[in-house]
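Working notes, beginning with the structure itself.
In what follows, every chain begins at residue 1, and chains take the letters A, B, ... in the order their sequences are listed. Note that the structure is predicted; figures quoted are calculated from it, not measured. All values below come from the heavy atoms of this structure, side chains included, with hydrogens, waters and symmetry mates left out.
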Protein chains: 2
Amino acid sequence: MKMTEAKDKFIQTWGSLGTLWGINKAMAQIHALLLISPEPLSMEDIMEELHISRGNTSMNLRQLIDWGIVFKASKAGERKEYFTSEKDINELARQIARERSRREIQPTLKVLKEVSNIEDDGSAETKEFIKQTKALYELADTADAILNRIANQESNWLTKTFIKLLK
Amino acid sequence: MKMTEAKDKFIQTWGSLGTLWGINKAMAQIHALLLISPEPLSMEDIMEELHISRGNTSMNLRQLIDWGIVFKASKAGERKEYFTSEKDINELARQIARERSRREIQPTLKVLKEVSNIEDDGSAETKEFIKQTKALYELADTADAILNRIANQESNWLTKTFIKLLK
DNA sequence: TTAAACTTTCAAAAATTATTGAAAGTTTAA
DNA sequence: TTAAACTTTCAATAATTTTTGAAAGTTTAA
């Protein structure tokens, strides 16, 4: 496979993978592009490379910055803004873990705690509801703890952990 | 909070959470409903409870069955089919881990392996591409190994693991 | 058999989400 | 200041995904 082909394939794959995980295609593709660019890219560069509009590029870049995985990079003497992504893949994983915990798991935990706390009227329906929502709470809580653990550890924690788990 | 309110809130929340993860609302809601039902439900029951059409119910039930987290349950002497979900939350987690590995991580690994294997022509662009796609491969591989570990272990592995990680 | 009871399929419609592009906004060099 | 260079916003449009509902398909009791 040639570089151009490989690059296209990678960007395409990352794009559809994003969709599968609730991240939109353009956002995932911009991220993929920045991830493999040795140099920061301008908005023009990104628009051209991915064939997307200025507005689309601008909005998705903002979201990536919100997620903390893309940064603005000013080039000396240039007015234009450049963008670069987090290049350390472990740091990327940590940042994603951090954000998914904050955006998804925490709000879910809140609701599960709330609904599992209804008064037990003794009916089979209520008993099952309480039992299952409590079990889900525990599962989500464990998942959250693991994510936080990932989010806060040193760079190669994930790999080390896995090695430990194999033992 | 009253039972009816709590139930609605739980089903709603599970529905939007699904959307966020690339699972459609109806599918997530059907799953939520079955998860908290002490008795198996018929298609009519589900349609009525969630206000969704017969076709929608049928298709999403099939998907849930495909995922291995909902089962057909025949009631003696009844022609109608009933449906019930996996009630053991740890088993649910394992099944989801299994499917996400199979459906998402494995195909990604395949592409990453492929594209990271291009010939190094010595350019900065190619070098960065190879480096980053290899690093992503390792991350995805670790994630996959963890998922498989979850998928294959005994019921409360997840909890135990977490306790171990705390030490 | 057949017909009633039930489920699945799928084309059309509705709902949602993503994208565009031009106008409005902002920043900076002169 | 101002005007050029650039970015952001947002209403309109396009693309995608979900949902519906009725027709086709299947199963079972008699």
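- Nearer the 5' end of DNA chain D, as judged by each residue's closest nucleotide, is the contact made by A:E78, out of A:T19 and A:E78.
- With sequence neighbours excluded, the residues satisfying side chain to side chain donor-acceptor pair (under 3.5 Å) with A:Q12 are A:Q29.
- Separating the CG atom of A:N24 from the P atom of D:dA15 is a distance of 16 Å, rounded to the nearest angstrom.
- Looking at which nucleotide of DNA chain D each of A:M59 and A:S42 is closest to, the 5′-most match is held by A:S42.
- Atom C1' of nucleotide D:dT20 and atom CE of B:M43 are separated by 13 Å, given to the nearest angstrom.
- Side-chain atoms of B:E104 never come within 3.5 Å of backbone atoms of A:L17 as a donor-acceptor pair (strictly under, hydrogens ignored).
- At least one donor-acceptor pair closer than 3.5 Å links the side chain of A:T142 to the backbone N or O of A:E138.
- For the pair B:N56 CG and D:dG21 C1', the interatomic distance rounds to 11 Å; values are reported in whole Å.
- In this structure, the side chains of A:N24 and A:M59 stay at 4.5 Å or more apart for every pair of heavy atoms.
- Summary of the strand contacts: A:I23 and A:G55 both lie near DNA chain C, and taking for each the nucleotide with the nearest heavy atom, the more 5' one is attributed to A:I23.
- If you take CD of B:Q63 and P of D:dT17, they are 13 Å apart, rounded to a whole angstrom.
- Looking at B:S101 and B:D144, their side chains do bring a donor and an acceptor atom within 3.5 Å of each other.
- Atom NZ of A:K87 is surrounded by more than 12 heavy atoms from other residues, nucleotides or ligands within 6.0 Å.
- Regarding B:E44, its CD atom lies at a distance of 14 Å from the C1' atom of D:dG21, rounded to whole Å.
- Of all nucleotides in DNA chain C having an atom under 4.0 Å from a heavy atom of chain A, the first and last in 5' to 3' order are C:dA18 to C:dT28.
- Not one N or O on the side chain of A:E86 forms a donor-acceptor pair closer than 3.5 Å with the backbone of A:G68.
- Within 4.0 Å (heavy atoms only), B:R54 reaches at least one base atom of the nucleic acid.
- A:R100 and A:W21 make their closest contact through NH1-CE3, 3.6 Å (heavy atoms, listed as atom of the first residue, atom of the second, distance).
- Contact detail for B:L112 and B:A140: the closest heavy-atom pair is CD1-CB, 4.4 Å.
- Note on the helix from C:dT1-D:dA30 to C:dA30-D:dT1: terminal axis deviation equals 10°, with five pairs used at each end and the result rounded to 10°.
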